[in-house]
Amino acid sequence: MIEKFTTLYSTAATLEIENIDTDQIIPARFLKATTREGFGENAFYDWRYDDKGNLRGDFPVEKERWLSSRVLVAGKNFGCGSSREHAAWAIYGAGFRVVVSSFFADIFRNNALNNGLLPVKVSDDFLAAIFERVKNNPDTRIVVNLEKQTIAIEGTDMCEEFEVSPYKKECLINGYDDIDYLVSIRGEIEKYENDRK
Amino acid sequence: MNTLFDKIWDAHTVKTIAEGTCVLYIDRQYIHEVTSPQAFAGIKKRGVGVFRPSQITASPDHNVPTLNQHLPPADPLSVSQLEALATNCRENDIEIFAVGTPRNGIVHVVGPEVGLTQPGMTIVCGDSHTSTHGAMGAVAFGVGTSEVEMVLASQCIMQTKPRSMRINIEGELKKGVCSKDIILHIISRLGTGGGTGYFVEFAGSAIRSLSMEARMTICNMSIEMGARGGMIAPDELTFEYLKGRPYAPSGAEWDAAVERWKTLKSDSDAVFDREEYFDASEIEPMVTYGTNPGMGVPVNGHIPHVEEIEESSRASFEKALDYMGFKAGEKMAGKKIDYVFLGSCTNGRIEDLRLFASYVKGHKKHPSVTAWIVPGSRQVARMAREEGIEETLREAGFEMREPGCSACLAMNGDTIPQGAYCLSTSNRNFEGRQGVGARTILCGPLVAAAAAISGEITIPEV
């Protein structure tokens, strides 16, 4: 059972970098756990911490915003590279419920949706507007309405619709997951197997 | 008027639920120790067993040491992941090619090698380089752990059908250009996100002319341009490759299978959502200069000047060069290197070792270069030994290690030090991929061999 999702108001943590790959989101050396928990604190580890484990000064998001924002906004082609679902677990584990970009890698998008993390694809212009607004006023809030499939910048008239598959939308709103459904249709799957023999 | 991809996908669609979401039947799932433990824990928690254990095959690869493999890994977390895989396979009646046994190796090297990967199949693995198996004419792609769990629970996953793209590569390759150069060339043109949303069929005379293993290298890296997967229609070469392998059909079943496999091609009037064309004769030996596989240039070329980069991408370009310690406009040839890594699911097959060995034969490894030669599987290692490749390598000052993923992602302790330059035949040059602060330059086995001898990026002499 994943956490139900409807509407979210939150400040945004912004990473104005393109092609952020899953090795940056969660480096391979942190993939050795056998449970889904605990990846959040290591999210973007090599960008956030130096080799002595101290927070680096040049990570674009300060600690407070990183801990309090539930919306992560990043440059285009977010989540490319490895299929590690640990990347979605790490972002979710760091407290985010929405990732906004103008382009997502396919596997990351699926992994996110399977873990109650909503990928919101916006236009390049809208993405640039979020970066601009947050840079000028870090308290700017982003409003994501899954029911209406809209994303807005609070205090402005800027609003865009985003796409999500009707099936996944229903799963997110109700907290359903695919595995329960697939187990429930094992009979049909067995019939498919027999028919194609 | 169907594409090869459509034919296989549609034949495996159990049902379509809601708009665009399919329940897709999976013929074979490969698993390894990193992305499967949470999936097994998941089905256990739900109280459901593995639905079709005989259609799942495991090979531990990411965490295995490449020296003294008979001893447990030094990191207790690696040990626990490997033990979890062994236990999960035993409890669920899943075949495992255990570390040290003759069929162990990187899943994507092992699958085709033992004949488990066959034309027309749907194949998944919790690993993005599952696209490798597409070279056999299969629809193969990487999935996340939730999807691994779906397949354990039902032998199906929920998927939206990707769009189709055909990449046509016609003409004759220059001497000394290998399949890694072809795919690095393509990705440098299309970009790391250029294939996102698409499933790619590679076609054309240059592709047909490649060996099965060379085709695997191409399909392996389809994910590096974002594609869901890549595939090549099976032909006589595919059947010849498969014949007699331990898990391939035999006797009358073989004949029937070949008849079926011969029908696996895109119809002549098939319509793809997108087509791209490349001239094989224009492709040069390639290297990367930056921190994603799309940042590639010919070995005899130079890093782009800032003005050549799209304005919106300049910040990322400069960040990459800063990480690599390079400057815009610099030549690649002549740059000093510290490490050479030959191996991975991209270039760890026997042909790659043959090519590397044939180049270094009669030369000596450059004294300032540390070289790791890591076969992709135990069978590759055995063949290298039997064919005298290991001896050739030894005479040239190289040591062959034991099989595994090794320095491709450095989970097993084969880590490139901070700041060091590694010329690597693997698939990703992301920041920190081969170790914190490690600087990866991707290339094919010939370019790696030339650099291992000269100590710097060198145009291979062929």
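Note on naming: letters A, B, ... go to the chains in the order of the sequence lines (proteins, then strands), and numbering restarts at 1 for each one.
Contacts of Leu409(B) with chain A are made by both backbone and side-chain atoms, with heavy-atom separations under 4.5 Å. In this structure, the portions of Ala28(A) lying under 4.5 Å from any heavy atom of chain B include both its backbone and its side chain. No part of Ala315(B) comes within reach of chain A, as not one of its non-hydrogen atoms sits under 4.5 angstrom from that chain. Contact of Val148(B) with chain A is not made at all, since no heavy-atom distance falls under 4.5 Å. Looking at Val34(B), both its backbone and its side chain come within 4.5 Å of chain A, counting heavy atoms on both sides. Proximity to chain A involves both the backbone and the side chain of Thr196(B), based on heavy atoms less than 4.5 angstrom apart. Residue contact with chain A, scored on non-hydrogen atoms closer than 4.5 Å, involves the backbone and the side chain of Ser312(B) alike. With a 4.5 angstrom heavy-atom cutoff, Asn63(B) touches chain A only via side-chain atoms. When heavy atoms are compared at a cutoff of 4.5 Å, His12(B) approaches chain A by way of both its backbone and its side chain. The contact between Arg196(A) and chain B is made entirely by side chain atoms (from C-beta outward), counting heavy-atom distances below 4.5 Å. For Tyr45(A), no part lies near chain B; criterion is any non-hydrogen pair under 4.5 Å.
Across all their heavy atoms, Met158(B) and Leu182(A) have their closest contact at SD-CD2, 3.9 Å. Minimum heavy-atom separation, Ser146(B) to Ile179(A): O-CD1, 3.7 Å. Closest approach of Gly81(A) and Arg428(B) over heavy atoms only: C-NH2, 3.1 Å. The two atoms that bring Gln38(B) and Ala33(A) nearest to each other are NE2-O, 3.3 Å, heavy atoms only. Closest approach of Gln159(B) and Asn110(A) over heavy atoms only: NE2-ND2, 3.7 Å. Heavy atoms only, all atoms of each residue included: Ser128(B) and Ser83(A) are closest at N-OG, 3.2 Å.
Contact annotation: the side chain of Tyr25(B) approaches that of Glu193(A) to within less than 4.5 Å [non-hydrogen atoms, C-beta and beyond]. Side chains of Arg29(A) and Met411(B) form no contact here, defined as non-hydrogen atoms less than 4.5 Å apart. Residues Met150(B) and Asn114(A) are in side-chain contact: their nearest non-hydrogen atoms beyond the backbone lie under 4.5 Å apart. In this structure, Ile107(A) and Ile223(B) have side chains that are in contact, with non-hydrogen atoms separated by less than 4.5 Å. At least one side-chain heavy atom of Trp89(A) sits under 4.5 Å from a side-chain heavy atom of Thr145(B).
With respect to the salt-bridge test (charged N to carboxylate O, under 4.0 angstrom), the residues Arg314(B) and Glu18(A) do not qualify. The existence of a salt bridge linking Glu149(B) and Arg36(A) is confirmed by a sub-4.0 Å separation between a basic side-chain nitrogen and an acidic carboxylate oxygen.
Contacts with chain B (heavy atom to heavy atom, under 4.5 Å) involve these residues of residues 151-170 of chain A, listed by number: Ser165(A), Pro166(A), Tyr167(A). Below 4.5 Å, heavy atoms of chain B meet heavy atoms from Asp51(A), all part of residues 48-61 of chain A.
With chain A as partner, the option from Ile17(B), Ile43(B), Thr130(B), Val23(B) having the largest number of non-hydrogen pairs under 4.5 angstrom is Ile17(B). Interface remark: of the candidates Ile185(A), Leu31(A), Asp46(A), Asp195(A), Leu31(A) forms the most heavy-atom pairs closer than 4.5 Å to chain B. Counting heavy-atom pairs closer than 4.5 Å to chain A, the top-ranked of the candidates Cys156(B), Ala84(B), Ala41(B) is Cys156(B). Of the residues considered (Lys191(A), Arg109(A), Arg84(A), His86(A)), His86(A) shows the highest number of contacts with chain B, using heavy-atom pairs under 4.5 Å. Put simply, of Gly142(B), Ser80(B), Ala153(B), the one with the most heavy-atom pairs under 4.5 Å next to chain A is Ala153(B). Considering only heavy-atom pairs separated by less than 4.5 Å from chain B, the leading option among Ile17(A), Asp124(A), Asp23(A) is Asp23(A). Contact count against chain A (heavy-atom pairs under 4.5 Å) is highest for Ser313(B) among Gly435(B), Gly20(B), Ser313(B).
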Q) Please walk me through it: do Glu147(B) and Asn111(A) pass side chain to side chain contact (heavy atoms under 4.5 Å, CB included)? A) CA-CA 8 Å; Glu147(B) 292 164 315; Asn111(A) 286 342; 3.9 Å; yes
**Q.** Asn19(A) and Ser316(B): CA distance, side-chain angles, deciding distance, side chain to side chain donor-acceptor pair (under 3.5 Å) verdict
**A.** CA-CA 8 Å; Asn19(A) 301 315; Ser316(B) 300; 5.5 Å; no
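Between the OH atom of Tyr192(A) and the OG1 atom of Thr13(B) there is a distance of 7.5 Å, given to the nearest 0.5 Å. Taking NZ of Lys32(A) as the reference point, atom OG of Ser78(B) lies at 3.0 Å (rounded to 0.5 Å). For the atom pair OG1 of Thr35(B) and CD of Glu85(A), the computed distance is 9.5 Å after rounding to the nearest 0.5 Å. The CG atom of Asn292(B) sits 8.0 Å away from the CG atom of Asp21(A) when rounded to the nearest 0.5 Å.
Lys76(A) contributes no side-chain N or O that, together with a main-chain N or O of Gly193(B), makes up a donor-acceptor pair within less than 3.5 Å. Proximity of a side-chain donor or acceptor of Gln81(B) to a complementary backbone N or O of Thr34(A) within less than 3.5 Å is not detected. In this structure a side-chain-to-backbone donor-acceptor pair under 3.5 Å is missing from Gln155(B) to Glu190(A). Side-chain atoms of Asp106(A) come within 3.5 Å of backbone atoms of Gly197(B) as a donor-acceptor pair (strictly under, hydrogens ignored). For the pair Arg46(B) (side chain) and Val183(A) (backbone), a donor-acceptor distance under 3.5 Å is absent. For the pair Gln24(A) (side chain) and Glu431(B) (backbone), a donor-acceptor distance under 3.5 Å is present.
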